[in-house]
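To start, the structure under review is shown below, and the notes come after it.
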Amino acid sequence: MTTLTGIPSVVPALPARPRRLHKPLMIVTVALAVLTLVGIGGALIDDRQLLGHAIWMKPLKFLMSFTVYCATLAWLLSLQTKARRLGWWMGTVVAVGIAAEMVLIIGQVVVRGRQLHFNQSTPADELVHNIMALTIYVIWAAVLVIAIQLLFDKPGDRALRWSIRLALGTTLGGMLLGNLMFRSTPAQEAAIAATGREDFFGGHTVGGEDGGPGMPITGWSTQGGDLRIGHFLGVHALQLIPLVALGLVLLARRFPVLRPEGPRTALVGIAAASYGGLIWLVTWQADRGESLVHPGKSTLVAAGSLLAATIVTSLAVLLRARRTTLASANTTSPGPSAPLGSARTGR
């Protein structure tokens with residue numbers, strides 16, 4: 001619907017407040033939020049360290065990440081219009097799986113004071129490692145089912161629907177990027193050759209050993225590449241890409257060119273593609289042993305190209321939308337008024 005000036009008069013609205021969120025996911029969300037506060041207190045009080053970092057930092061990062069993830073997934077499931085029962089069960093699988101993961105993480109790191117990932121040095125460590133690996137694949141499979149459901153569902157307008165589909169696809173790929181960390185390092189290969197034992201297998205640092213100098217809070221390596229960066233960005237595409245769609249709805253209130261679904265859907269697609277490119281970029285950078293804070297020439301060129309492509313395509317979408325709006329204005333605007341009495345004849 002357009003006005004006489006050609007400007008769309010229907011302003012898109014945000015999704016309605018969900019009547020009911022997924023209860024198991026919300027219970028886990030609240031529990032994780034409370035534990036996050038406990039973790040912050042632990043980080044301030046407990047002076048123990050593991051691999052050169054405060055012992056509470058790893059559980060704390062997982063707590064914050066899982067809290068946001070569970071809350072977002074609960075909201076996405078509230079938008080379902082088809083096969084809601086199956087979605088409820090898959091959400092419950094994710095909730096139970098994440099709760100189990102956090103029990104193992106806190107138990108292994110804070111209670112036992114043992115390295116969490118890649119640790120197979122004792123039967124107990126190997127058991128924790130294997131249970132965590134199995135659990136994360138179960139979670140991944142449940143999210144995949146939810147993604148397939150929402151692929152054929154129609155929650156919200158077209159821009160929101162595509163943001164959800166692209167977010168779920170990206171987060172599934174981001175979760176799988178964790179597999180890149182399960183490759184033996186040169187030091188581990190040397191230890192296996194010398195002892196015949198495989199106490200540790202894999203690591204997130206490329207070109208160095210885990211536990212070296214890292215960035216504040218995240219701990220991402222400042223000496224070598226860190227494969228956790230792409231994994232982290234991929235997992236949290238679940239929040240960021242739908243936020244783009246919601247942000248465009250808010251901007252449409254001020255900028256009429258964003259009111260039609262077409263431009264907003266195209267911009268969501270560009271944002272998702274650019275975000276996917278960023279995930280690839282930081283993973284490629286890390287796999288070459290290059291720290292995020294010390295990018296080389298190839299990385300800078302790739303980053304600049306990605307940024308330029310994002311800006312150019314976004315501007316092209318906006319300019320086309322503006323031309324469409326102006327063309328609509330010219331079509332719908334009334335012509336010049338005829339002089340009074342010109343329709344009369346015979347005088």
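These figures come from a predicted structure and were not determined experimentally. Below, all heavy atoms of this structure are taken into account, side chains as well, without hydrogens, waters or symmetry copies.
Within the structure, salt bridge (Lys or Arg N to Asp or Glu O under 4.0 Å) pairs that include any residue of residues 66-90 do not occur (at least two apart or interchain). For residues 217-231, the pairs satisfying salt bridge (Lys or Arg N to Asp or Glu O under 4.0 Å) are D226-R228, with sequence neighbours left out. The stretch residues 290-299 participates, sequence neighbours left out, in these salt bridge (Lys or Arg N to Asp or Glu O under 4.0 Å) pairs: R288-E290. Residue pairs meeting the ring pair (Phe, Tyr, Trp, His ring centres under 6.0 Å) criterion with at least one partner in residues 226-256, sequence neighbours excluded, are W220-F232, F232-H236. The ring pair (Phe, Tyr, Trp, His ring centres under 6.0 Å) contacts involving residues 30-49 comprise nothing, where partners must be two or more places apart or lie in separate chains. Pairs engaging residues 16-52 under the ring pair (Phe, Tyr, Trp, His ring centres under 6.0 Å) rule: H22-W88 [sequence neighbours left out]. Pairs passing the side chain to side chain donor-acceptor pair (under 3.5 Å) check and including a residue from residues 131-145, sequence neighbours excluded, read Y137-N179. Within the structure, side chain to side chain donor-acceptor pair (under 3.5 Å) contacts touching residues 103-112 (residues at least two apart or in different chains) are Q108-R112, Q108-D125, R112-D125. Every pair tested for ring pair (Phe, Tyr, Trp, His ring centres under 6.0 Å) that includes a residue from residues 153-180 fails, sequence neighbours excluded, so the list is empty.
Counting non-hydrogen atoms of other residues, nucleotides and ligands closer than 6.0 Å to CD1 of I217 gives a total of 12 or fewer. For R320, the CZ atom sits in a loose shell: 12 or fewer heavy atoms of surrounding residues, nucleotides or ligands are nearer than 6.0 Å.
Taking R48 as the reference, D46 meet the side-chain hydrogen bond (donor to acceptor under 3.5 Å, both in side chains) condition, with sequence neighbours excluded. For S184, the side-chain hydrogen bond (donor to acceptor under 3.5 Å, both in side chains) partners are E189, not counting sequence neighbours.
For the side-chain contact (heavy atoms from CB on, under 4.5 Å) with L73, the lone residue among L21, V68, I146 that qualifies is I146.
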Tell me which donor-acceptor pairs under 3.5 Å the side chains of residues 268-282 have, and how far apart each pair is, sequence neighbours excluded?
unit_1, atom_1, unit_2, atom_2, d
S274, OG, I270, O, 2.9
S274, OG, T310, OG1, 2.6
Y275, OH, L233, O, 2.7

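Across all their heavy atoms, T283 and G230 have their closest contact at OG1-CA, 3.6 Å.
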